[in-house]
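Taking it in order: structure first as structure tokens, then the write-up.
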Amino acid sequence: MRKKRKLIPIREKQIHFRVTQEMFVLICTDAEKAGMSISVYCRNAVLNRKIVQRPLVFHDDTALVHELRNLNKLGSNLNQIARYFHEGGLMTNSLARELHHLLGEMDKMVIRCNRELEREYGD
């Protein structure tokens with residue numbers, strides 16, 4: 001059964017305030033570092049919520065991004081199989097082969113990602 005999504009309340013009220021040019025640049029910079037819009041950043045700051053900076057990306061390696069995306073897809077498939085077993089599903093030969101194949105593919109992808117990272121950043 002799917003989890004129910006929380007309904008997000010409609011934000012119907014607005015707050016306007018003025019800042020100096022220096023403050024504006026600082027807010028924009030900090031919001032960008034955190035990977036947030038200015039509105040979300042200001043709401044979090046005003047409500048004393050934790051603001052975490054996004055990790056820096058040093059390069060745009062499409063091969064690595066592609067491998068990580070594929071690894072994520074295989075991980076999703078693995079989670080679906082785990083959910084099947086947690087719900088009392090039975091192991092069949094075809095499912096065992098699929099599971100073995102998925103784990104093998106994930107292992108190969110992790111090795112390729114590690115090689116790419118070592119090539120880019122060293123040990």
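Numbers here simply count residues along the sequence, with the first being 1.
- The cluster map of Ile, Leu, Val, Met, Phe, Trp and Tyr, joined by side-chain heavy atoms under 4.5 Å apart, puts L26 and F24 in different clusters.
- The shortest side-chain heavy-atom distance between S39 and R43 falls under the 4.5 Å cut-off.
- Side-chain heavy atoms closer than 4.5 Å link hydrophobic residues (I, L, V, M, F, W, Y) into clusters, and following such links, possibly through other members, connects V40 to M23.
- Clustering ILVMFWY residues whenever any of their side-chain heavy atoms sit less than 4.5 angstrom apart, transitively, puts L102 in the very cluster that holds V110.
- In this structure, A31 and S37 approach most closely via the heavy-atom pair CB-O, 4.0 Å.
- The local environment of CD1 in I15 is sparse, with at most 12 non-hydrogen atoms from other residues, nucleotides or ligands closer than 6.0 Å.
- The hydrophobic clustering, which links ILVMFWY residues whose side-chain heavy atoms are closer than 4.5 Å, places M36 and V25 apart.
- Residues E32 and Y41 are not in side-chain contact: their nearest non-hydrogen atoms beyond the backbone lie 4.5 Å or more apart.
- When all heavy atoms of L71 and M109 are compared, the pair lying nearest together is N-SD, 3.5 Å.
- Here CG of N72 is found 9.0 Å from CE of M106. Values are rounded to the nearest 0.5 Å.
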- Message: I'd like to know whether L99 forms a side chain to side chain contact (heavy atoms under 4.5 Å, CB included) with L78, so could you lay out the CA-CA distance, the side-chain angles of the two residues, the decisive distance to 0.1 Å, and finally the verdict.
- Response: CA-CA 7 Å; L99 187 56; L78 193 58; 3.4 Å; yes

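- F17 and I38 fall within a single hydrophobic cluster, where Ile, Leu, Val, Met, Phe, Trp and Tyr side chains are chained together by heavy-atom contacts under 4.5 Å.
- Here the side chains of H86 and R83 are not in contact, with every heavy-atom distance at 4.5 Å or above.
- Judged by distance alone, the side chain of Y84 and the main-chain N or O of L90 form a donor-acceptor pair under 3.5 Å.
- Among residue pairs with one or both ends in residues 92-107, those qualifying as salt bridge (charged side-chain N to carboxylate O under 4.0 Å, His left out) are E105-K108; sequence neighbours excluded.
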